[in-house]
S.K.: 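Quick one: this structure, given as structure tokens, is what I'll be asking you about.
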Amino acid sequence: MWRLLLIELHKIKHHRGSKFLIISYFFLLTSLALIASIKFDIGPVKFHLADQGIFNFPYIWHLNTYLASILKIFLMLVIVSMMSNEYSNNTLKQNLIDGLSKKEFVLSKFYTVILFGFISTIFVALTTLILGLVYSDYTEWAIITTDLDYLISYFIKLVAFFSFGLFLGVLVKRSAFAIGALFLWFIVESIFIGLMRWNWKIENYDHYTQFLPLNAMSNLIKEPFTRFNAVKSVAQQIGETIQKDFSVQFTDIMIVTIWTTIFVYGTYYILEKRDL
Amino acid sequence: METIIQLFNLDKKYGAVHAVNNLSFSIQKGNVYGILGPNGSGKSTTLGMLLNVVNPTSGTFNWFDGQTSTHEALKKVGAIIERPNFYPYMSAAQNLELVCKIKGITTDKINEKLELVNLLERRNDKFRTYSLGMKQRLAIASALLNDPEILILDEPTNGLDPKGIQEIRNIIKFISQQGTTILLASHLLDEVEKVCSHVVVLQKGQKLYEGRTDLMTQSHGLVELKTEGDIEKLTSLLLKFEGIEKIEKENEMVLAYLNLDINTGQLNQYLFENGFVISHLKMSKPTLEQRFLVLTE
């Protein structure tokens with residue numbers, strides 16, 4: 001396993017574009033904390049985001065993992081290009097001739113995906129913990145450790161998304177087109193969901209659309225903003241019930257894990273079938 | 001003798017194209033083999049299958065008597081195919097380090113091999129700045145990193161200028177003198193004739209000949225004749241002479257292929273007695289090229 005991981009890291013380490021994207025990505029992840037410093041101070045209107053309670057534990061776990069996962073597209077570019085470049089440089093062929101099996105080749109990429117996901121998760125966990133400790137109104141241990149499953153969701157979400165990137169990179173063989181294919185897939189999925197919801201008026205449409213890969217990934221961490229408002233409005237008008245369940249659902253984790261498996265095995269299957 | 005590769009009825013079809021047709025042969029340790037064939041005869045496809053990058057349609061092959069899987073076997077092999085494939089953004093040394101990691105060997109032979117192919121001074125330059133000749137030499141250095149049991153070369157001099165071709169040939173000659181088994185695919189006959197002790201001749205994916213190179217060129221030879229008289233009559237006379245197998249006409253010249261050793265003096269006397277005067281009579285041995293053309297006709 002370490003051998004395969006080191007092989008892949010050697011390929012990335014010397015690639016200037018990838019290095020730049022990776023460094024930018026982790027810089028942006030860290031600078032999530034800078035949201036805290038947003039202050040409006042225009043005459044009578046004083047607004048300090050940190051005072052609004054959005055950094056309160058345990059809500060901050062939800063907010064930060066959600067915001068951090070938007071940045072995953074940066075690493076996606078690295079992953080798609082590291083896969084498709086192996087085709088355009090013909091180095092996949094050379095790797096196989098040098099004695100790497102196709103299975104090892106896919107595994108070395110997948111281990112890297114896991115490593116990226118893992119480091120991102122650690123990063124987000126630390127940033128959030130520090131931010132929360134500084135700004136949260138509640139810093140009791142029991143409250144801090146509530147809702148940590150958002151971190152698990154975040155990790156699973158990244159691994160699934162990046163595995164999708166591996167799959168598209170192998171399928172399409174060109175990085176620009178692979179990123180295009182990702183967008184295309186996103187649009188097709190959105191149109192499909194829209195059609196189900198508005199045109200065919202299927203009542204519990206989300207029962208079916210939860211199985212679509214990108215939708216399933218986004219379901220893992222639902223948008224946190226309405227929850228924040230809801231929390232506030234509940235405090236004001238008692239009797240209002242929160243409609244949406246914001247917590248991490250086990251079925252979502254299952255669906256996304258299955259998609260990850262499909263993507264990784266799909267990548268292997270395509271490689272195995274193809275002549276180079 | 002130790003067998004390195006064995007092919008059993010290997011077959012590859014690309015749609016309607018039958019690239020490799022029921023091919024069997026074996027490679028023994030210590031010999032230098034040439035796979036000979038015109039472009040599109042299935043040489044590269046055959047090597048591709050042995051090297052794990054092309055899936056055979058049917059048939060099997062064994063590395064090292066089948067004791068290891070193909071990808072494990074390839075760690076003990078050095079191979080260069082068609083054109084050199086490396087990461088353009090890495091230097092020569094970084095590319096070779098990666099190969100060492102894949103093959104699971106130490107990196108301490110990198111400088112030695114770079115020196116062998118005369119690239120030591122450029123070791124820290126990016127691969128993309130290399131000329132084709134340098135790229136090909138780097139590929140050879142890479143293939144030699146593990147001191148391979150067998151070196152596989154597919155058209156190693158393709159596209160190079162005369163100087164580049166000379167450099168590559170010298171390296172190959174040097175390596176073969178070290179006793180390394182070599183498998184060389186080429187359509188350049190003199191290349192194969194100079195280096196290889198054994199040949200496999202392919203055409204349209206089929207094996208036409210397998211054996212020693214000197215046995216392939218060894219035959220009773222042919223006689224070139226020229227006459228002012230009637231060529232048809234000469235032909236029929238020649239065919240009656242014992243030892244002549246067949247007759248071909250090439251411009252003004254009549255070529256008589258032999259199946260026995262004959263004496264040209266006797267032949268001349270025989271023709272003269274039958275009223276023919278010969279203006280040119282010469283015995284010659286066929287080159288590999290002529291044998292190859294006869295085989296692939």
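In the text below, chain A, chain B and the rest are named by the order of the sequence lines, each starting its count at 1.
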S.K.: Hey, is CD on E115(B) packed in by over 12 heavy atoms from elsewhere, all under 6.0 Å?
M.R.: no

S.K.: Any residues in residues 37-59 of chain B near chain A, with a heavy-atom distance under 4.5 Å, and which are they?
M.R.: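 Near chain A, by residue number: L51(B), N52(B), V53(B), V54(B), N55(B).
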
S.K.: Which residues, numbered in order, of residues 261-276 of chain A come under 4.5 angstrom of chain B by heavy-atom distance?
M.R.: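 E272(A), K273(A), R274(A), D275(A), L276(A), listed by number.
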
S.K.: How about residues 8-21 of chain B versus chain A: which residues have heavy atoms under 4.5 Å apart?
M.R.: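 Within residues 8-21 of chain B, the residues under 4.5 Å from chain A are K12(B), Y14(B).
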
S.K.: Most heavy-atom pairs under 4.5 angstrom with chain B, which of L4(A), T91(A), L100(A)?
M.R.: T91(A)

S.K.: Nearest 0.5 Å, what's the NZ-CD1 distance between K101(B) and I7(A)?
M.R.: 8.5 Å

S.K.: Please check if the side chain of Y89(B) supplies one atom and the backbone of K11(A) the other of a donor-acceptor pair under 3.5 Å.
M.R.: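 Confirmed, Y89(B) side chain pairs with K11(A) backbone.
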
S.K.: Atom CG of N90(A) and atom CZ of R83(B): how far apart are they, to the nearest 0.5 Å?
M.R.: 5.0 Å

S.K.: Can you name the nearest heavy-atom pair linking Q94(A) to I81(B), along with the distance?
M.R.: OE1-CG1, 4.5 Å

S.K.: At a 4.5 Å cut-off on heavy atoms, which part of N85(A) comes close to chain B: side chain, backbone, both, or neither?
M.R.: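 Neither part, no heavy atoms under 4.5 Å.
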
S.K.: Nearest 0.5 Å please: distance from the NE2 atom of H14(A) over to the CD atom of Q94(B).
M.R.: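 Reported value, rounded in 0.5 Å steps: 4.0 Å.
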
S.K.: Hey, what do you get for OH (Y87(B)) to CG (N89(A)), rounding to the nearest 0.5 Å?
M.R.: 7.5 Å

S.K.: Looking only at atom types and distance, does a side-chain atom of R3(A) sit under 3.5 Å from a main-chain N or O of I102(B), one as donor and one as acceptor?
M.R.: yes

S.K.: Are there residues of residues 64-80 of chain B whose heavy atoms fall under 4.5 Å of chain A's heavy atoms? If so, which?
M.R.: H71(B), L74(B), K75(B), A79(B)

S.K.: Is it the case that atom NZ in K204(B) sees more than 12 heavy atoms from other parts of the structure closer than 6.0 Å?
M.R.: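 No, NZ of K204(B) has 12 or fewer neighbouring heavy atoms, counting only those of other groups under 6.0 Å.
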
S.K.: Atom NE2 of H10(A) and atom CG of L98(B): how far apart are they, to the nearest 0.5 Å?
M.R.: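 Going from NE2 on H10(A) over to CG on L98(B), the span is 5.0 Å.
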
S.K.: Does CD belonging to Q178(B) count more than 12 external heavy atoms closer than 6.0 Å?
M.R.: yes

